[in-house]
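These notes are about the structure you will find just below.
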Amino acid sequence: MIADGRRANADRGDVLSMLLLAKDDDGVGLTDRQVRDEVMTLLLAGHETTANALTWTWYELGKYPEVLARLGPRRSGRWSAIAPSPSTICRRCRGTSR
Ligand code: HEM
């Protein structure tokens with residue numbers, strides 16, 4: 001992917017393009033290894049911090065049902081109405097309506 005990006009040498013509106021086109025004050029860009037490391041940091045640090053934040057948020061909310069109820073959907077009163085189950089997500093990924 002890095003080699004493809006270098007060949008394209010264009011801003012494709014994604015993080016990889018930005019990293020490949022970035023230059024320091026002396027006009028020097030990142031090496032392939034540096035680009036790879038930056039992408040890995042974004043993916044792993046971004047995933048772990050977000051997953052931890054969401055996990056602890058739901059854990060804490062689980063201890064206070066009255067607070068959770070205030071955050072929930074008002075009309076149906078059911079969280080399942082907006083929180084998709086794993087099977088719902090799988091169906092959506094496959095693009096089927098079953
Ligand atoms: C709830 C989610 C997140 C939390 C709590 C969080 C927290 C933090 C904190 C505290 C730092 C500063 C670390 C330090 O300077 O010692 C940091 C830096 C950073 N975070 Fe996050 N982060 C979150 C989400 C994300 C996401 C989604 C991404 C990427 C898609 C990301 C990418 C980065 C990067 C690249 C840095 C380093 C920035 C720099 O060069 O100084 N983070 N984050």
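We count ligands from 1, going down the list as the structure has it; atoms in each ligand are counted the same way.
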Quiz item: Are Val39 and Met1 close enough that some pair of their side-chain heavy atoms sits under 4.5 Å apart?
Solution: no

Quiz prompt | Side chain Thr50, main chain His47, donor-acceptor under 3.5 Å | solution = no

Self-check item: Residues Asp14 and Ser17: side-chain donor-acceptor under 3.5 angstrom
Solution: yes

Practice problem: Return the protein residues near ligand 1 (heavy atom under 4.0 Å from any of its atoms), ordered by chain and residue number. | Solution: Leu42, Gly46, Thr49, Thr50, Ala53

Quiz prompt | Side-chain touch Val15/Leu42, heavy atoms, less than 4.5 angstrom | solution = yes

Quiz prompt | Ion pair Arg33/Asp37, N-O distance below 4.0 Å | solution = yes

Exercise. Would you confirm whether Asp26, through its side chain, and Val28, through its main-chain N or O, come within 3.5 Å as a donor-acceptor pair?
Key: no

